Amino acid sequence: MIREISVAEALDLPGAVIIDVRSEGEFQEDTIPGAVNIPLLDNTGRALVGTAYKEKGPLEARRLGLEIVSPRLPRWVQAVEKAAPGRRVVLFCWRGGLRSLFAAYLLDVMGFAVYRLAGGYKAYRRYVIQYLERDLPMKAVVVHGLTGVGKTRLLQRLAEMGLPVLDLEGLARHRGSVFGKIGLPPSPRQKMFESLIVRDLRAAEKRGLFFVECESRRLGNLLVPRSVLASMEKGYRVLLYDSLENRVRRLVEEYTCGPGQNIPALQEATSALARYLGAQQVKELVERLARGEFAEVFAYLLVKHYDPLYRYPDAPSEGYDLCVSTADFEEAVRRVSEWVISLPEYVR
């Protein structure tokens, strides 16, 4: 039996594999996080059927679609069996139309427990938009601090401990500066970025709060939703601080771990700061990077550019709910985690 379910039901359905039967191109633009793409029509086939629909009408388009899909059906079912060995699946296409309906009937005959997302991807996209347009129901715990104090690393450790974290830079695959893309894979598209944010916020709802690093509106080409920024403005404030020496050491470890120590990418990013530092100074920094003088270059960039830009304290300061040194990083993780579970919003 095929059951139609809502987006919320699909996201909360235990033990089911969500299968996106749309084309590869549609899947790459955005999908439900965690969904498996097993298209009925690939990019070429979808384009052909779309053209037939416009030029000859829906009946001819369906006939062409059947002609294209039919030889691939045994392999398609095998792919579903491999992706969902428990034989429980949620199917969706663009708007809950013929692709998911055809796939649902086929898998039902083959003995799968089949759920079909009512409204398809378009319903899911509406769900994401509506979620991000409202005030978030959880309290934000916002991590502040100068570049290199270990904010992202702290979020990663807290997530490993099972605490709710919204790692915006991790989801965007961008660190939020001219050095932001060094050593990182391509960023997702805006819709996918928002889908990932909603996934992590939904997971945080049962805990009553979430950790997030203080960010500006833009991460590379991606925009942080305004509801997230508004929640950050009203959240708890945690300040991390550490010595310049330790901060430089972390940056060297993070930014020089790629092929050739990422020197060309570091030089290109440094050159983008010429309007702030001056052409001659940037030229000297680029030359020092070529010689592998990373600590000296990073120290200069912190002291002369990034620290004055962000203006965070480098010691305990009023105006924050918690101030923690990251000189002993594991001790910092312990202090932050113990503090957050004592907050009234936190649900164990």
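Just so you know, these numbers use all the heavy atoms, side chains as well, and skip hydrogens, waters and symmetry mates. No experiment lies behind these values; they were computed from the predicted model shown.
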Could you give the distance from [atom1] ([X]) to [atom2] ([Y]), rounded to the nearest 0.5 Å?
X      : Y      : atom1 : atom2 : result
Leu98  : Cys93  : CG    : SG    : 8.0 Å
Ser100 : Ile19  : OG    : CD1   : 12.0 Å
Arg247 : Leu302 : CZ    : CG    : 5.0 Å
Ser6   : Leu117 : OG    : CG    : 8.0 Å

If you draw the axis of the six-membered ring of [Y], does the NZ or CZ of [X] fall within 45° of it and under 6.0 Å from the ring centre?
X      : Y      : value
Lys139 : Phe210 : no
Arg202 : Tyr131 : no
Arg22  : Phe27  : no
Arg175 : Tyr255 : yes

Which residues satisfy the side-chain contact (heavy atoms from CB on, under 4.5 Å) test with Thr51, sequence neighbours excluded?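 Thr51 satisfies side-chain contact (heavy atoms from CB on, under 4.5 Å) with Glu55 only.
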For Ala269, give me all partners under side-chain contact (heavy atoms from CB on, under 4.5 Å), at least two apart in sequence or on another chain.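 Residues passing side-chain contact (heavy atoms from CB on, under 4.5 Å) with Ala269: Val178, Phe179, Ile182.
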State which residues pass side-chain hydrogen bond (donor to acceptor under 3.5 Å, both in side chains) with Gln78; sequence neighbours excluded, sorted by chain then number.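 With neighbours one apart ignored, the set is empty.
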If only side-chain N and O atoms count, and only distance matters, is there a donor-acceptor pair under 3.5 Å linking [Y] with [X]?
X      : Y      : answer
Thr152 : Glu213 : yes
Ser23  : Glu26  : yes
Arg173 : Ser187 : no
His305 : Tyr276 : no
Asn262 : Thr256 : no
Glu194 : Gln190 : yes

Residue among Glu9, Glu4, Arg88 satisfying side-chain hydrogen bond (donor to acceptor under 3.5 Å, both in side chains) with Tyr115: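 For Tyr115, the side-chain hydrogen bond (donor to acceptor under 3.5 Å, both in side chains) check succeeds only for Arg88.
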Once you measure the plane-to-plane angle for Tyr121 and Tyr124, does it fall in the parallel (<30°), tilted (30-60°) or perpendicular (>60°) bin?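 Tyr121 vs Tyr124 ring planes: tilted.
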Is it true that atom CZ of Arg291 has more than 12 heavy atoms of other residues, nucleotides or ligands lying nearer than 6.0 Å?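 Count over threshold, so yes.
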